[in-house]
Protein chains: 2
Amino acid sequence: MKTDTEQTLAQKLIRQVNGRVTPIRLGVLELLLNTQTALSHQELEQAAAQTGLVADRVSLYRALDWLVEQGIAHRISSHDRAWRYKAQAELTSPHAHFQCKHCSQVFCLEDLQPALLFKLPPGYQLDEIELKLQGTCPACASLNAI
Amino acid sequence: MKTDTEQTLAQKLIRQVNGRVTPIRLGVLELLLNTQTALSHQELEQAAAQTGLVADRVSLYRALDWLVEQGIAHRISSHDRAWRYKAQAELTSPHAHFQCKHCSQVFCLEDLQPALLFKLPPGYQLDEIELKLQGTCPACASLNAI
DNA sequence: CTAAAGCTGCAATTAAGTTGCATTTTATTT
DNA sequence: AAATAAAATGCAACTTAATTGCAGCTTTAG
């Protein structure tokens, strides 16, 4: 289910960083843009197959890596030892994530801006903050409630 | 370098949760208690060899898993896809971590209690908060400064 | 001291991700 | 529009962390 606007958005994002526009990058990025949750490599592979995108596993890995390097997508470490990837319309800005312990889905919490007011011990240089909340997502919560 | 007090501490912690006191669990726990940074399985294996602890890889994995299950140790996901483990005198309480991008070491920031005042979207049930800071540790910072 | 519960070792397996290299595409230059 | 250099892709093989099943051995409660 891809619309013209989305296709254009993916292209725009790739061109924005002077990247080559290839079918695999486009297809991967569109999936990362259209899916609500962050996708693992495996989930991406399945989703790609459904949209008719033909690509080797390795090429998907490389497309994902590239998108992350360029700041177009971001990568979240999952408790099941697999990275998960997500992209949004604007180039990635820092935000927190929520991972469900039941279904392993990762949700981006764009609005969550915790007051991270703290002091690191002397000597530590801070680059990046990773805030991951864990618990039960709405879908799994309602399943268990039955 | 293990002292009597430490040995007793490890035993005490294991007994506290009604666990069997075995040489492997003792050895692993002592290492996790004595080391300043969080140890990966591999680092643990090397450290174990040096202390003369004989154990199969799998047994180390199982001892680590068990310690985490019991809340005696805790597990931090590392950017190199390997878990890292740490234990402290008291049963684990939540705290933040710092991982160095250069040496991959993970440091526990016991004192770091950020004001995590935020609201989750409706329907999400929160169990656990994982806050990982990334950057450069003091040791690597001073190496690069030379 | 002796079972039963539950650890441990060993071998085999899984799963995510990586690497090297030959081939094909992209996008630029003529 | 054709040529070309740079970069992306496919394929096969490999690496590494972690898991599983099962037989045999320890721990500990009684």
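Below, chain A is the first sequence line, B the second, and so on; all start at residue 1.
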The single option from B:T37, B:I76, B:V106 passing side-chain contact (heavy atoms from CB on, under 4.5 Å) against B:Q99: B:V106

By side chain to side chain donor-acceptor pair (under 3.5 Å) - contacts of B:Q125 (at least two apart): none

With A:S77 via side chain to side chain contact (heavy atoms under 4.5 Å, CB included) - residues at least two apart: A:W83, A:E130, A:K132, B:S77

Residue pair B:Q70, B:Q16: steps toward the side-chain contact (heavy atoms from CB on, under 4.5 Å) verdict: CA-CA 10 Å; B:Q70 304 304 317; B:Q16 237 172 60; over 6 Å; no

By side chain to side chain donor-acceptor pair (under 3.5 Å) - contacts of B:R15 (at least two apart): B:Q11

Reading 5' to 3' through nucleotides 23-30 of chain D, protein heavy-atom contacts under 4.0 Å coded B for base, S for sugar-phosphate only, - for none: ---BBS--

Where chain B begins and ends its contact with DNA chain C, read 5' to 3' at 4.0 Å from heavy atoms: C:dA5 to C:dG17

Side chain to side chain contact (heavy atoms under 4.5 Å, CB included) involving B:A48 - partner list, sequence neighbours excluded: B:L31, B:L53

With B:E69 via side chain to side chain donor-acceptor pair (under 3.5 Å) - residues at least two apart: none

Atom-to-atom span, CZ of A:R25 to P of D:dA7 - whole angstrom: 11 Å

Side chain to side chain contact (heavy atoms under 4.5 Å, CB included) partners for A:Y124, two or more places apart: A:L120, A:P121, B:F98, B:F107, B:C137, B:P138

Pair B:Q36-B:Q105, side-chain contact (heavy atoms from CB on, under 4.5 Å): steps then yes or no: CA-CA 10 Å; B:Q36 288 309 306; B:Q105 295 278 24; over 6 Å; no

Nucleotides 10-17 of chain D: protein proximity per nucleotide (B base, S sugar-phosphate only, - neither; heavy atom, under 4.0 Å): BBB----S

Cluster link A:V58 to A:L67, ILVMFWY, side chain under 4.5 Å: no

Under the side chain to side chain contact (heavy atoms under 4.5 Å, CB included) test, residues paired with A:Q42 that sit two or more places apart: A:S40, A:Q46

End axis versus end axis in the helix from C:dC1-D:dG30 to C:dT30-D:dA1, the angle rounded to 10°, five pairs used at each terminus: 30°

Residues in side chain to side chain donor-acceptor pair (under 3.5 Å) contact with B:S104, at least two apart in sequence or another chain: B:H79

